[in-house]
Amino acid sequence: MLTPPEHQDIVVVGASGDLAARKLIPALYNLFLEGALPEVCTIIGAAIQDWDRESFVAHAHDAVASFSRTSLEESQFREFAKHLAFVPLAEHGGMDAVRAACDAPKRLIYLAIPPGAIMPVVHELAQARLVEGTSLVIEKPFGFDLASAKELNRTIEAVFPREQIYRIDHYLGKETVQNLLVFRFGNALFERIWNRDSIHHVEITVGEALGVEHRGAFYESVGALRDIVQNHLLQVVSLVAMEPPAAFTAESMFYEQYKVFRAMEPLDPSRVIRGQYGPGVTGGEKVPGYREEPGVARDSRTETYIAGTLHVDTWRWAGVPFYIRTGKRLARQDSRVVIVFKDVPLNVFRGTEVEEVKKNFVTIRLQPHEGISLAFSAKLPGPSIQIDPVTMDFSYARAFKGTPPEAYERLLHDALVHDHTLFIATDIVERAWEVVQGVIDNPSPVIPYPAGSWGPEEANAMMPSGHWHMEESEE
Ligand code: BG6
């Protein structure tokens, strides 16, 4: 049961953008259906658009119809739409108009805008006296590199006290990502072997079939390193590698995650593989190459794929490589963490037909086919000893009948009830930039890969067994 938030309004700055349409408006609609929004609440869309309330309501309707995880119910949407208001920001003094549109003494203001627009908007909020009573939610990427992130943090924190700032990384709101913590710390079995004594290496993939959609111009200045590695991937690494927190509270989580971030060795740019998709076929559809996407330079060197090896220098993880990779226009959407265990100390079946005993591995499927599986060896039925790899599988859909709620619903609700546990602290943001800064400063050349593949071959060659563990789920 979700805690009902206190009386406050919700403002989405950047309400006409991609994020608002795909994630925020559908999340607000679903929270409304669950009765998890404040009872009295105006949802104010603000954007540089010459829209009025009706056009915003029509936009929200389309967004819910296209992207909501629950299907659009017209009568429910009409009730939801009663909460909607729109403020055009094209005119000077747009933030004063936002303040005038807010009825409640408190509000959540969500900045769904590009990083370059954040500082000016924060100053406008201050000028419009929209600091007191505001919970400020900021989208990643937080800054453009270490120096700009520091400047951005200083600017925001000069205006807003830390406890009013919520830096969102929606991966932390994913059920499957949180389940990593329950899997590790809610079971006595796995934690005992979750260390360098038993684990050979860790593989983390955030794979997308999508291209850059309508965001070519934005993505050009960002690339996969800033878009996914600096935030989503490193956050997942920190949850896989962290020590048990004393409790599931914002403070304990911060201490343990921060320790991992401090212990990460900065990525070595000479060992990072950067790729860029060319034309190809994905999901049965012919798609253009990255350089042909609108808003992208014909000679662009922005990476749409990146793979590298990360080391976490702690007692628990010394010598265990964390292989990380992400890419757009890959063969399919597939994000997973694979924990690969060490070999058995001795092959007692030598001299039989068994030449090799395969490594055990645990796969945490973040999306799709959310679930966890354990791969181990079994004897193939028959008179001789032969080994076959088999899996034990937990599937969210089978166990909990349905797909998990969207990350943005969880995180928006957490911000509405002032729970910071799943938001990113300043020090972690800055440390994460330190880890990737070398790659920003000395990028290796981009290697082309065809859309619909798994990225450049070089990324397989860097793996101990020459490939990534990607067995498909049965679902
Ligand atoms: C966003 C990136 O943070 O995450 C997008 O900016 C990416 O480029 C998206 O597509 C992926 O999120 P998810 O939840 O679909 O894995």
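In each ligand, atom 1 is the first atom listed, and ligand 1 is the first ligand listed.
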Short list, please: which atoms of ligand 1 are under 4.0 Å from a heavy atom of [X]?
X    : answer
R215 : 2 (C), 5 (C), 6 (O), 8 (O)
K174 : 13 (P), 14 (O), 16 (O)
H170 : 1 (C), 3 (O), 4 (O), 12 (O), 13 (P), 14 (O)
E208 : 7 (C), 10 (O), 11 (C)
K328 : 5 (C), 7 (C), 8 (O), 10 (O)
D227 : 2 (C), 5 (C), 6 (O), 8 (O)

Electrostatic pair R184-E191, nearest N-O below 4.0 angstrom: yes
Examine the side chains of [X] and [Y] and answer whether a donor and an acceptor come within less than 3.5 Å of each other.
X    : Y    : value
S300 : E220 : yes
R336 : T205 : no
H61  : E74  : yes

Side chain, backbone, both or neither: the part of Y171 lying under 4.0 Å from ligand 1 by heavy atom: side chain
Parallel, tilted or perpendicular: rings of Y166 and H420 (30°, 60°): parallel
Over-ring placement of K174 relative to Y171, 6.0 Å and 45° cut-offs: yes
Single hit among D169, V177, L422 for side-chain contact (heavy atoms from CB on, under 4.5 Å) with Q235: D169
N or O pair under 3.5 Å between [X] and ligand 1:
X    : result
Q367 : yes
K140 : yes
Y219 : no

